[in-house]
Amino acid sequence: MAKVLTPKEEDYSQWYNDLVLKADLAENSSVRGCMVIKPYGYAIWEKIQQTLDKMFKETGHVNAYFPLFIPKSFLSKEASHVEGFAKECAVITHYRLKNSPDSKGVIVDPEAKLEEELIVRPTSETIIWNTYKNWIQSYRDLPLLINQWANVVRWEMRTRLFLRTAEFLWQEGHTAHATKEEAMEEALRMIDVYQKFAEDTLAIPVIKGSKTENERFAGALETYTIEAMMQDGKALQSGTSHFLGQNFAKAFDVKFLNSKGELEYVWATSWGVSTRLIGAVIMTHSDNNGLVLPPNIAPLQVIIVPIYKTDEERRQVLDYGNKIESELKQHQITVKFDDRDTHKPGWKFAEYELKGVPIRIAIGPKDIEKKQVEIARRDTLEKFNLSREQLVAQIKVLLSDIQQNIFQKALRFRQQNTYEISNIDELKENIDKGGFYIAYWEGSKEDEKQLNEQTKATIRCILTEQSDVNGTCIATGKQTKKRVIIAKAY
RNA sequence: CGGGGUGUAGCGCAGUUGGUUAGCGCGCCACGUUCGGGACGUGGAAGUCGGUGGUUCGAGUCCACUCACCCCGACCA
């Protein structure tokens, strides 16, 4: 046993770190807070991209690309936006280096100071709205439904692989609309897309809701969110969609003529998910043996491991395995036949378990003789034999079964760790064990801050579905139908 | 930015009051036996001990400065 993980019961965050490193997903780089995403981790990101990109296209969006650098003045045009991001911006002040006088390396050339500093984008609203100004004159130019796949930089104090890195990959949608209603509809549509993606593709059950004023995106009038529960009971914000109102249109003076010939400001949304989703997948499904990947995003859905002693056996097993591999491939199942002679079966079993491959097929002389294969399910760790004949059909069923099963398991976990509370004391008593706490809430910004100070928990979201009956707000005692989820968060 | 800690082989670590040739485990390479849950044996390669300066006959070890990283807080997708 060469690669063992710290058990998650012992130290959840150490378990997470071990897993990311040992499953070969990513590693820390020589740049503080920035990670190297390794091929296996990147393959998961590519799966996420492919599926989401398709969903964006299906909802009428197109991709474009905007610059990495934003002139400093742009950022300050929307007051609350700059306030939200100012403290974590990387700033470019110079554009050239020169040899240092003592000829030991290079120094920044003081002559090459930029007239106006550039900001490395922490998000692209400002540069995009500055561009949209030139693209929009008439209601006929609307809506503008654009997404970009990009990297952004937020100079975080403390970072963790995938969950919070100084640079991260994401997609950001930026749309422009003629009416408030249409923009609101778009913001809601996209949070629904995220929910569907999280649940159907990542097998992560999420709770959809809106953010309180405190937690809202800098510059947004409304922020919709999907919140997932990790296996330690903490919440992870997994995707957000913002209704930006006319804030950015006003800041960048983006107006259009409506059909009545009147000049109006454009309505906006923005929405995004990031490489953080990989962290969410890891923390939702994995166990002490390693990753557990949902078949829908697993870079490898099936691994075939040959077992043999003699050369003759090897020939037979390879032949048997090659045929299975090509059959599965024909049915669009991503499969690899690991016929390397440099590693032994036991080693391979452990390796692919660590990497979360949903199904393992082992084939040896016994299996050939009995016209069967041995199957091992990663999610349940069960082993059983399947007849060779029905294999492809059975594998398909199994893959979809695994996808369902891990979703249901995560959902059960969330349900078991969600509690209804009726006062703050109940929260204080229980919050340390993690979980989601549902409470009636009609408190102010200050009430929320106080809640945070007292419990270290935050209001993750205001539930979309209000209660049918009035309840008592846990902060103010007021009667309200509005309910919130309170939890400790990543 | 406050508090704590760590820098020694690819990784994880040991190295006593300063003393010869700096060790151990994993990994790596070669050969042989193995091969249905991370095999074993034998041999081998691999280190400017984070950096700079100092004390000393002698520094991984002591002193000063410095750099980097990690953990805990304040900030966050």
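Values reported hereafter were calculated over all heavy atoms of this structure, with side chains retained and with hydrogens, waters and symmetry mates removed. Every chain is numbered from 1, with letters handed out A, B, ... down the list of sequences.
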Is Phe349(A) stacked on the base of G38(B), meaning ring centres closer than 5.5 Å and planes within 30 degrees of each other?
-> no
Please measure how far the P atom in G36(B) lies from the corresponding atom in G23(B), and state the result in whole Å.
-> 36 Å
Lys488(A)/Asp432(A) ion pair, N-O < 4.0 Å | yes
Salt-bridge present (Lys336(A), Asp338(A); N to O < 4.0 Å) = no
Considering only the P atoms, how many Å lie between G25(B) and U21(B), rounded to the nearest integer?
-> 23 Å
With Glu453(A), which residues qualify under side-chain contact (heavy atoms from CB on, under 4.5 Å), at least two apart?
-> none
Residue closer to the 5' end of RNA chain B, Gly239(A) versus Thr159(A) (nearest nucleotide) = Thr159(A)
Considering only atom C1', compute the distance from A64(B) to A77(B) and round it to an integer number of Å.
-> 44 Å
Would you mind reading off the distance between Met157(A) atom CE and G73(B) atom C1', rounded to a whole angstrom?
-> 11 Å
What pairs of residues pass the ring pair (Phe, Tyr, Trp, His ring centres under 6.0 Å) test when at least one of them lies in residues 212-241 of chain A, not counting sequence neighbours?
-> His81(A)-Phe217(A), Phe85(A)-Phe217(A), Phe217(A)-His242(A)
For the pair Asp200(A) and Asn296(A), evaluate side-chain contact (heavy atoms from CB on, under 4.5 Å) and give the outcome as yes or no after the intermediate values.
-> CA-CA 8 Å; Asp200(A) 295 354; Asn296(A) 290 350; 5.6 Å; no
Name every residue in residues 366-391 of chain A that has at least one heavy atom under 4.0 Å from any atom of RNA chain B, in order of residue number, or write none if there are no such residues.
-> Lys366(A), Asp367(A), Glu374(A), Lys383(A)
Nearest whole angstrom, please: distance from the C1' of C70(B) to the CD of Gln14(A).
-> 11 Å
To the nearest Å, how far apart are Glu27(A) CD and C70(B) P?
-> 13 Å
How far does the P atom of C29(B) sit from the matching atom of G37(B), given to the nearest Å?
-> 24 Å
Enumerate the residues from residues 279-297 of chain A whose closest heavy atom to RNA chain B is under 4.0 Å, giving them by residue number; use none for an empty result.
-> none
If we take the C1' atom in both G44(B) and G53(B), what is their distance in whole Å?
-> 39 Å
Spacing of the P atoms in G73(B) and A14(B) (rounded, Å) = 25 Å
Hey, what are the protein-to-nucleotides 32-35 of chain B N/O distances that come in under 3.5 Å?
from	atom 1	to	atom 2	distance (Å)
C35(B)	O2'	Tyr308(A)	O	3.1

Tell me what Arg160(A) touches on the nucleic acid: a base, only sugar-phosphate, or nothing, going by heavy atoms under 4.0 Å.
-> nothing
Sugar-phosphate, base or nothing in reach of Phe217(A), heavy atoms under 4.0 Å = nothing
Where do Gln14(A) and Asp18(A) land on the side-chain hydrogen bond (donor to acceptor under 3.5 Å, both in side chains) test, with the steps shown first?
-> CA-CA 6 Å; Gln14(A) 191 58 48; Asp18(A) 284 358; 3.0 Å; yes
Crowding at CD, Glu83(A) (>12 non-hydrogen neighbours, <6.0 Å) = no
Work out which heavy atom in Ile191(A) is nearest to a heavy atom in Ile226(A); give both atom names and the distance.
-> CD1-N, 3.9 Å
The side chain of Leu354(A) lies closest to which of these nucleotides: G38(B), A74(B), C69(B)?
-> G38(B)
In whole angstroms, how far is the P atom of G12(B) from the CG atom of Asp18(A)?
-> 12 Å
Which part of the nucleic acid, if any, lies within reach of Gln237(A) when heavy atoms closer than 4.0 Å are counted: base, sugar-phosphate only, or nothing?
-> sugar-phosphate
For His343(A), ring-ring contact (aromatic ring centres under 6.0 Å, His included) partners two or more places apart = Trp347(A)
May I have the distance from Tyr12(A) (atom OH) to C71(B) (atom C1'), rounded to whole angstrom?
-> 19 Å
Looking for any heavy atom pair under 4.0 Å, which part of the strands does Thr165(A) touch: base, sugar-phosphate only, or nothing?
-> base
If you look only at pairs with a residue in residues 277-304 of chain A, which of them pass as a salt bridge (charged side-chain N to carboxylate O under 4.0 Å, His left out), with sequence neighbours excluded?
-> Asp287(A)-Arg378(A)
Take atom P in C71(B) and the same atom in U56(B), then report the distance between them in whole Å.
-> 41 Å
Rounded distance (Å) that lies between atom C1' of G36(B) and atom CH2 of Trp347(A) | 18 Å
Under 4.0 Å between any heavy atoms, over every strand shown, what does Leu236(A) touch: base, sugar-phosphate, or nothing? Just pick one.
-> nothing
With Asn63(A), which residues qualify under side-chain hydrogen bond (donor to acceptor under 3.5 Å, both in side chains), at least two apart?
-> Asp53(A), Asn147(A)
Contact list for residues 150-169 of chain A, test ring pair (Phe, Tyr, Trp, His ring centres under 6.0 Å), sequence neighbours left out = Phe168(A)-Trp170(A)
Rounded distance in Å - CG (Asp24(A)) to P (G27(B)) | 16 Å
Is it true that atom CD of Glu389(A) has more than 12 heavy atoms of other residues, nucleotides or ligands lying nearer than 6.0 Å?
-> no
When you compare C62(B) with U17(B), how far apart are their C1' atoms, in angstrom units rounded to a whole number?
-> 12 Å
Rounded to whole Å, CD1 of Ile48(A) lies from P of A77(B) at a distance of 19 Å
What pairs meet the salt bridge (charged side-chain N to carboxylate O under 4.0 Å, His left out) rule with one or both residues in residues 221-230 of chain A, with sequence neighbours excluded?
-> Lys211(A)-Glu227(A), Glu227(A)-Arg460(A)
Which is it for Ile368(A) and Tyr308(A) under the side-chain contact (heavy atoms from CB on, under 4.5 Å) test, yes or no, and what are the steps along the way?
-> CA-CA 11 Å; Ile368(A) 297 178; Tyr308(A) 50 81; over 6 Å; no
Tyr132(A): ring-ring contact (aromatic ring centres under 6.0 Å, His included) partners, not counting sequence neighbours | Trp129(A), Trp135(A)
5' precedence on RNA chain B between Gly33(A) and Phe162(A) (nearest-nucleotide basis) | Gly33(A)
Tell me the stems RNA chain B sits in, counting at least three consecutive Watson-Crick or G-U wobble pairs, each under 3.5 Å on both distances.
-> B:1-7 with B:67-73, B:10-13 with B:23-26, B:28-33 with B:39-44, B:50-54 with B:62-66
Kindly point out which of A74(B), A77(B), C69(B) is positioned nearest to the side chain of Arg32(A)?
-> C69(B)
